[in-house]
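One-based numbering, in listed order, for ligands and for the atoms of each.
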Amino acid sequence: MTPRYVILGSGVAGIAAAEAIRLNDPRGEITVVSDDPHGYYSRPGLAHFLTGEIPQAQLFPMREAELHALGLRRVQGRAIRLDPLEHRVTLADASELVYDRLLLATGATASRAPVPGAELPEVVKLDNLEDARRLIDLARHARAAVVIGGGITALEIAEGLRAHCRRVHYLLRGDRYWGSVLDATESAIVMARLAADGIQIHTRTETAEIVGKRGHVAGIVTTDGRRIPCDLVALAVGVTPRVELARTAGLQIDRGILADEYLLTAAADVFAAGDVAQVHDPRTGAALLDTLWNVARSQGAAAGRNMAGRRVPYAKPMPLNVTRLAGITITIIGAVGRWPDADMVGIGRGDSEAWRQLRDAPVAEDKHEVNRLRLLVGPRTLLGAVVMSDQAASRSLQRLIGEQTDITPIRERLLTPGAPIAALIAEHAAAALH
Ligand SMILES: Cc1cc2nc3c(=O)[nH]c(=O)nc-3n(C[C@H](O)[C@H](O)[C@H](O)COP(=O)(O)OP(=O)(O)OC[C@H]3O[C@@H](n4cnc5c(N)ncnc54)[C@H](O)[C@@H]3O)c2cc1C
């Protein structure tokens, strides 16, 4: 009988799984279910769409013909129930799909903020393309906007709003931006750039209430009694994996859906990948959450291979993000920080719990204006790195940290104040290649 594969979610994990299944099983019946009318597009690209740097059409990584060539049955709808014993999924329109193998690739959604007034219509989040379009639309008519939250998304929203709206306030509970990943110097670089871009940063500021007038946002009131008038509030306090289907189906859940190194969940023939999954890493024994495009892609591909009958363990890549914060390119690799983060509930988008696994480690650092290099130096290997602006050392560091290369020959020199860190790294990476 032709195997029936059902994939819930048309994000990068779902589509990577479909590609891998098709590669390994040319005849299998693959159904992809998604409640997003826009299908598969780049979520990291939404930040550039928000600022107007790219048009909507550029968000789509695959042409229609390429998707068509995969021979998928695409169903638009919302899955509302999973019955793992019957191997059956029910959609919101009461239709049912029977599967031999199922992938849960339903991603994560913006966490709610427990602030009175958060239900007002101009309180927005940034999960998907419709959210981005709505943000642009609201920003064009807004006199002032307030952004609350931390991590990459809050900043991307603030910059996106600034492109359309004259006055943007960014509220931080603590003294500085993204304190669980960036150090004080790095935060200061980002905050100075934000301020130079005209964004008003309010540190040590907590929102007590979002105030409405005739059913619309009129401003916020802070816990110390200040009022900031605005007609739009964006919340980015973290994301929550969409685990409801798995929970009601009796699968094992921690923060995400627990999956083994074959991406298999506690239910037979049910796999999980991407932002929704919390995948066991046999190397470390840990199961950490990542909300990274490349991780979702590689997990989706691994799940697809295993759904199609291969038995290949998933090798977790080193969590890495090359992103842009306030116009500054920044690469984050490996363990660079620690919890907690006053502005976040759990992790944000483009983030990894692995970045906050830092043990006590000496730091090698270098800074020339906005060019910043910070290395966390372990006894024999590098544990992590943050590279800001000048990215010359980025690739070498990705290799040295990802491959856990022995750095003992340069360790002492790296930790000598004033050391030419970038040059030492480049030389050592080149030597390690030979
Ligand atoms: C604004 C933004 C910026 C980001 N920046 C970065 C970055 O800089 N670097 C980086 O690496 N990553 C970044 N990310 C994160 C990255 O995009 C995600 O890690 C990745 O998209 C996860 O892929 P996924 O397939 O697991 O989930 P998603 O892409 O979220 O896809 C899940 C899909 O499932 C569908 N779905 C959910 N529930 C159901 C249901 N019940 N029934 C049917 N369909 C359902 C959803 O509609 C969606 O189509 C960013 C994300 C956003 C939103």
Any salt bridge between Lys316 and Glu261, counting N to O under 4.0 Å?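 No, no charged N to carboxylate O under 4.0 Å.
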
In order of chain and number, which residues sit within 4.0 Å of ligand 1 by heavy atom?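 Close residues (ligand 1, cut-off 4.0 Å): Gly9, Ser10, Gly11, Val12, Ala13, Val33, Ser34, Asp35, Asp36, Arg43, Pro44, Gly77, Arg78, Ala79, Ala105, Thr106, Gly107, Leu126, Asp127, Glu156, Arg242, Gly274, Asp275, Thr291, Leu292, Trp293, Ala296, Asn321, Thr323, Arg349, Gly350.
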
Does any pair with a residue in residues 109-127 pass side chain to side chain donor-acceptor pair (under 3.5 Å), and if so which ones, sequence neighbours excluded?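 Sorted result for residues 109-127: Thr109-Asp127, Ser111-Thr240, Glu122-His216, Lys125-Asp127, Lys125-Asp131, Asp127-Arg349.
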
Does anything in residues 155-165 form a side chain to side chain donor-acceptor pair (under 3.5 Å)? List the pairs, not counting sequence neighbours.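 Non-adjacent pairs meeting side chain to side chain donor-acceptor pair (under 3.5 Å): zero.
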
Taking atom CZ of Arg167 as the centre, report whether more than 12 heavy atoms of other residues, nucleotides or ligands fall under 6.0 Å from it.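 No, the 6.0 Å shell around CZ holds no more than 12 heavy atoms from other groups.
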
Nearest heavy-atom pair of Val146 and Cys230: which atoms, and what distance?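 Scanning both residues, the minimum pair turns out to be CG2-SG, 3.7 Å.
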
Residue pairs passing the salt bridge (Lys or Arg N to Asp or Glu O under 4.0 Å) test where at least one lies in residues 47-60, sequence neighbours excluded: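 Checked against salt bridge (Lys or Arg N to Asp or Glu O under 4.0 Å) - neighbours excluded - the pairs reaching residues 47-60 are Glu53-Arg324.
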
